[in-house]
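Excluded from the calculations below are hydrogen atoms, water molecules and symmetry mates; all remaining heavy atoms, backbone and side chain alike, are included. Source: prediction; values computed, not measured.
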Amino acid sequence: MHDYTEGASAVDIEAALASASLSRRESQYSAFGDEEDDTAMYSGPGHAANPSSVSRMSHFEPGRRSSEARSLHRRRSKDSGISGWRARRRDSGASGISRHSIDGESSEDDNGENAVGHRSYQHHDSPSPVSRSTVFDNLANIFGRRATDASTHKTGRSRRSSVSTSRHSRRRHRDSLSEPGVEAEDEERWGYSSGEELSGDEADSLTRDNISIAASMEYDSEPASPSTRAQALPLLASDPIFGGEARIDIETPFALLDSPPAGPPSRQTLYISDEDFTIRFVGYEKVYWRVQLWRLGCLVTLGLLGLLGHWFPRLWLRWVAREKGFVSSNDGFVVVESAYRDISLFPLRRLPYQYHISTVFPLTVPTTDRLASSENTPEGYDPMSGTLSHLVIVDYRYSRFALDPRTGLFNFIRNWRDPAWSSTSSVSSGLVPETRIQRLQLFGKNEIDIEGKSTVALLVDEVIHPFYVFQIASIILWSLDDYYYYAFCIGLISVASILTTLLDTKKTIARMRDMSRFSCNVEVLVNGQWTECDSMDLVSGDIVNLTSVPLTVVPADLFLVSGDAIVNESMLTGESVPVSKVPIKDDDLIRWRDLKDENPKCFLYAGTRVVRIRGPFTEDSGHARPALAMVARTGFNTTKGALVRSMLFPKPIGFKFYRDSVRFIGVLAGIAGVGFCFSAAQFIEMGLKWQTILVRALDLITVVVPPALPATLSIGTSFAIGRLRRAGIFCISPSRVNVGGKVNVCCFDKTGTLTEDGLDILGIRALDRSVPRFGELLEDIHDLPLGVGKATFLHALATCHSLKLVDGHVIGDPLDAKMFEFTKWTLEEGQAGGVGVIKTRAGAVVERTALVQTVVRPPGSTGFRLEDALKGSAKVHTHFLELGVIRTFEFVSSLRRMSVVVKRLKGTSMEVYVKGAPEVMASICEPDSFPQDYEDLLSYYTKRGYRVIAVAGKSVENLSWLKAQRMRREQAESGLRFLGLIIFENRLKPGTAPAIQALRTAHLACRMITGDNPLTAVSVARECNLINQSSHVFSPVFVRGNASTPNSKLEWTCVDDPGWMLDSYSLKPQAPPPRHTVEDDEADYQDFSLVVTGDVFRWMLNHAPLETLQRMLVKTQIFSRMSPDEKNEVVERLQSFGYTVLMCGDGANDCSALKAADVGISLSEAEASVAAPFTSSTPDIACVLEVIKEGRASLVTSFSCFKYMALYSLIQFTSVTLLYSFASSLGDFQFLYIDLFIIIPVAVTMGRTLPYPRIHTKRPTASLVSRKVLVSIIGQIVINATVQAWAYLWVREQSWYTPPPSADPFQDGNKLESLNFENTVLFLISCFQYILVAAVFSIGPPYRKSMWTNGWLMAAVGILTGLNLWMLLAPPGVAVQVLTLMTIPVMGRYMLLLGVVLNVAVSMIFEEWGAGWVADTLGRWMELWTSRRRTAKGYKLVDGGE
């Protein structure tokens, strides 16, 4: 469906309505147009966001283009700051390629203006497209039914994670005037995102500062503020670190380097526009003697130095390479750096290429960009003839960059265009074989072939991962210490995990290759002859016959040269609406050549499915001539290639929990280091051998940092993905599951998301014949009077559309289909009565087209020869009525209307019919044709949520077919007579209202972002309770200027009471008018919301005061008339203000917003869609509740498992440290029992706890370093360590205690004695502690169900507790012997049991009540000590209104 009101300026509409004596205020609310409207018959994927921006959908993209100026600004960058080079800016053009200035970067950083180094948009440089499966992932299959089924989707990790600092850097300079302030990028931010995490005086301070986090804030219903206070807002700084604790800033500037060497450029920043990310190239060359020294170091360190170089490439670079200009490097390579500081190395390849330079680079380059004359011309290029002998290329992520020898800089070859592509006639002759060979050599084959590594290479990559290297080192250490059993078990698990991961990787790569690769036979025009070849041999510029060989899938990106086509672009948009394609015009071809901007209406995108392709009409009423297309892009350069590439290399997500977990592991490693030194010192005092000291101290590290610790982070996520999959929700980005637990604002598309996909016609309102007013609502077409003129309402309904007939079925825009179905007429297509030829004045043929495109007739009518309809003066004796559509002016979003020229059988005239948004009719219709009640009736329907389309028409006498074809659109769409309104109703989906109510009950803010008109959106929002029924809604209009005028003025008026307004600066309600119907003491004037249109939104971003902009973002609940880019912008702005945003849409023109959101959910029937990280097969927003509940449960589970593993390691560390004090340790089988029989079952089953059925009003924390989390962990460590210390000291005081023998420094082996009473009591006590902390950290309500509902966990805890009690009270002989336990008297055993019971009680009490009290007390003390208060988030301060 189309948005007939999208793109027009509000002032333009108002002026047009004023000229027609219509009210400006009412007319701005049209009910015609919807957020779906850019995706159907007339447009490409997303229309305004056509697939060049859909390819930015990167999990992939944060494509932000609110204006051409900003897009141009983003493609500018600094030149290299090289000695002898002038600092200059140049527009990198469509390729987005420019030189990079380090000096400029640092200086601009200081000034706060982001240089290209800050414009970071690219994906994470992942060496493999497949996510890692770990030990616990594989074990989870044992305890779960299908816990890791979702691993099949991990490859396509979507990413568009949240954007922070880089989001600000993408704004135009003038946008900075209205952008929330950005703090220093290197500043650490530990924000709290929910009241739950604020303790003590922190929460009180927020209350004292009038920072409301109550339900009213979440509903955007502001609490009353003192009326005596000035209506002013503070200047707030947004949180650049992904909104505090939920997200972190991963888009950091490029690493600062030393000054570049003199000579040709060695650094370059490139902006990849189609995927919207920036990378930096830095040239290096190896230094021979350094390489040899590095190799020697690898030999000396037994490969350890090589491993460090593999893990930290910058270390290798500093040792063996030096920076060198691209063109002057001999044994050179390029370091490609992303904005996340990830780097990868690619060799400079020399490709034999003996062709002219214009076949790969622009024919001319600016003189200022050429290499200095003092620098030698590179080898392989003859400046006189312009011929190359070879081409220096870099292949990065399946994208090829070629080095221009004239500038010393790289060009993206995807952006090359043949200068000869100036008209369709110039390309229709095809290519010669020599040119095809050259382009095949340059661009490669037309295939999306994902490189699959060999099994050995995958195995090596897996084994040298730090996790497995640590495992291998631990196994070697245990083997040296004679821990053979334990080492064997861990080794077996590691091998099984590696093999499982290897098999999964191979399967995933194979599946992705099958999905990506496609080939078919096509006919290509070579040397004027049609030749059949494989589609993989296609090259840019080839002319393809689309009708000779039936196509099911478009094999490459093509321009349609002749004929017409209907394709299904659901692969790109997620919406299965057929899209019509028309032949390209010369202007479109030239614009694509020069501006790199394709017209989606004539562009066939690779991978889209063909519904129908027809050749152009011929004079004998057939389709004998073939449909032709020109190949524009091939292989990975196509739109499909960009989608696959973005799935292979998703942008990494910056979630604070993941960063904190890595840092926490570092803290544990520090503790291990302290223990290492302490134990080594003790062993030295005891006189042990140095081999024993080294082995025992290193063993302590494996105790404190358990090898299984990193794997625990994925347990909860794996089970959550499995549960979501069973609920019909598919995830291709597992890391987004935990992010779903931090969502605090939910944004929804309207049509197809909150409301049903289809529209039903409520009825039509035609003009009354007797009075200038509307007639009654007609629900049956037979009640519609025919009309007095030749242009009638009925004929407009039957002809004003672009429906097509395919295999007997009418297909096209759903709105058009409903309208035509209402008429009950029949449609015929493709049986035209001949072909018309349009010629220029010189006689050249411009176009051949059907005389009649479409024929419609009323029910029961039979056909006749269409020639009769074209002969207006002929005497045709027939009573049958038929209308032929002679010409169609298709829908244009900026005009918000479409029109047709219609010829009636036996008619002497032609009629023009237009349908579109009601407000545009004022400028194209005669003022006297409007009924008197036009404004009132339009306002009536729009306020009640109906969609309204206006219809107009006129009759043109003596208009010939040729004149109709030459008629300009402005001529056709002028001087019309208004005919009537079509009223559509869009019903809510059954699950919408309950889901919205559940979200609001949980204090989650809800927003609607739609392309529909404001009043319709307000009505739907009230119907589904997104806005309270009694809430006041205010809408802005321009009372001075328009959206493009900086000095414009907005007036905010109440939708229900135009006399009531908001203060234009603070956006707070002014005093209500005296006639206000509600008593002042009963009205809640702070319970209000805003509805903002796209033009107002754009103006406020660019020109409104910062405080007003901030308050608008917080208080607006409905964003209407939003284009796809504006939807994306709304999501970004909310994120920059501290929100964690969930976006739910149908995947049509919401693709960019779905990718930009922290959590994007596409309602699609596909199992996995590239449109969003989550895809729900059930088209209902109830899936939002499931994602949030599972996200919270997964996040809490990850916390629980991580805290459990940390406590497990520290409990074991305490035991081992106490035993080391007298040269003792735990036994081999004791370690085995603890690690394999206690820890693994408990850790895995902890993740099986189901989410709580209701969403709590507070979000779980995402920070491992929040006070409550740290107090909980430290408190449990102290409690359990104290109990162990008590047991250690208690046993030494007993009468039956026997001291262990002194350590023998000369004993063979490195094994320490484990048979002693201290070992026995510490082992028995610690076995209970491992189970205890699992119960303590198994958090239940309000985010998960109680641990009692987890049958697997309760079974594991029960069985292990029984085993431990058995070994404590009545140990069997076999256990005593195997576990090397000492015999303890019965009373001693009961004393230990009492200690265990007290341990359980104290730990439970502390976790339930003590941890919170200690955290609050600590917070008060810290506040008094530092005299500082934590600043709440921007949206909380704004919502507080102070």
Side-chain angles (χ1 to χ4, degrees), residues 56-64 66 118-121 158-171 175 178-183 185 189 191 193-194 236-252 276 339 651-656 733 735-736 738-748 1004-1007 1009 1097 1101 1109-1110 1112-1114 1116 1119 1122 1125-1145 1150 1152-1161 1172-1173 1188 1191 1259 1262 1432-1439:
R56 300 186 267 122
M57 293 188 304
S58 326
H59 299 267
F60 339 108
E61 46 73 79
R64 324 291 174 241
S66 12
H118 286 170
R119 293 195 291 272
S120 47
Y121 323 95
S158 126
R159 196 346 223 129
R160 156 66 181 98
S161 87
S162 330
V163 187
S164 62
T165 306
S166 64
R167 184 181 301 114
H168 302 279
S169 65
R170 285 185 283 227
R171 305 291 182 260
D175 274 88
S178 60
E179 182 74 2
V182 181
E183 299 185 7
E185 295 189 14
R189 293 295 299 271
S193 59
S194 71
L236 301 174
S238 66
D239 189 347
I241 313 300
F242 281 153
E245 67 174 276
R247 293 169 293 186
I248 61 173
D249 185 9
I250 57 175
E251 291 193 355
T252 56
D276 199 23
K651 182 178 176 182
I653 188 169
F655 196 49
K656 200 164 190 178
S733 180
S735 57
R736 297 297 185 90
N738 281 353
V739 180
K742 293 299 296 181
V743 166
N744 58 354
V745 60
C746 301
C747 300
F748 300 96
L1004 293 174
C1006 296
R1007 303 283 187 269
I1009 310 178
F1097 179 75
L1101 289 183
L1109 171 66
Q1110 291 174 334
M1112 181 274 290
L1113 290 172
V1114 172
T1116 301
F1119 297 89
M1122 306 300 288
D1125 275 349
E1126 288 166 347
K1127 291 183 179 183
N1128 180 78
E1129 187 77 19
V1130 170
V1131 171
E1132 279 193 318
R1133 292 288 175 159
L1134 291 174
Q1135 288 173 329
S1136 70
F1137 213 47
Y1139 285 109
T1140 302
V1141 181
L1142 178 146
M1143 176 70 191
C1144 182
D1150 311 303
S1152 295
L1154 290 171
K1155 293 302 175 188
D1158 298 292
V1159 177
I1161 306 177
I1188 293 176
R1259 297 177 300 157
K1433 286 194 174 182
Y1435 64 83
K1436 293 185 178 181
L1437 290 172
V1438 169
D1439 202 53

Minimal heavy-atom distance between Val745 and Val743, with the atoms involved, is O-CG1, 3.6 Å
- Step by step, would you call Val1141 with Arg1007 a side chain to side chain contact (heavy atoms under 4.5 Å, CB included)? CA-CA 10 Å; Val1141 181; Arg1007 303 283 187 269; over 6 Å; no
Ile1009 and Cys747 have their tightest heavy-atom pair at CD1-CB, 3.8 Å
Practice problem: For side chain to side chain contact (heavy atoms under 4.5 Å, CB included), just list the numbers for Leu1109 and Phe1137, CA-CA rounded to whole Å, side-chain angles, deciding distance to a tenth of an Å, and then say yes or no. | Solution: CA-CA 11 Å; Leu1109 171 66; Phe1137 213 47; over 6 Å; no
Rounded to the nearest 0.5 angstrom, the NZ-CE distance for Lys1127 and Met1122 is 9.0 Å
Verdict with reasoning, Ile1161 to Leu1154, per side chain to side chain contact (heavy atoms under 4.5 Å, CB included):
CA-CA 7 Å; Ile1161 306 177; Leu1154 290 171; 5.7 Å; no
Notebook entry, point to check: Can you check whether Pro1173's main-chain N or O pairs, donor with acceptor, with Arg736's side chain at less than 3.5 Å?
Noted result: no
Discussion item. With a 4.5 Å cut-off on side-chain heavy atoms, are Phe1097 and Glu1129 touching?
Written reply: yes
Heavy-atom distance under 4.5 Å between the side chains of Asn744 and Leu1142, does that happen here?
no
(request) Keeping the roles fixed (side chain from Gln1135, backbone from Ala1156), state whether a donor-acceptor pair exists under 3.5 Å. (result) yes
For Leu1134 and Leu1113, the nearest pair of non-hydrogen atoms, with its separation, is CD2-O, 3.7 Å
Applying side chain to side chain contact (heavy atoms under 4.5 Å, CB included), run through Arg1133 and Tyr1139 and close with a yes or a no.
-> CA-CA 9 Å; Arg1133 292 288 175 159; Tyr1139 285 109; over 6 Å; no
For Ala1153 and Val1131, the nearest pair of non-hydrogen atoms, with its separation, is CB-CG2, 4.0 Å
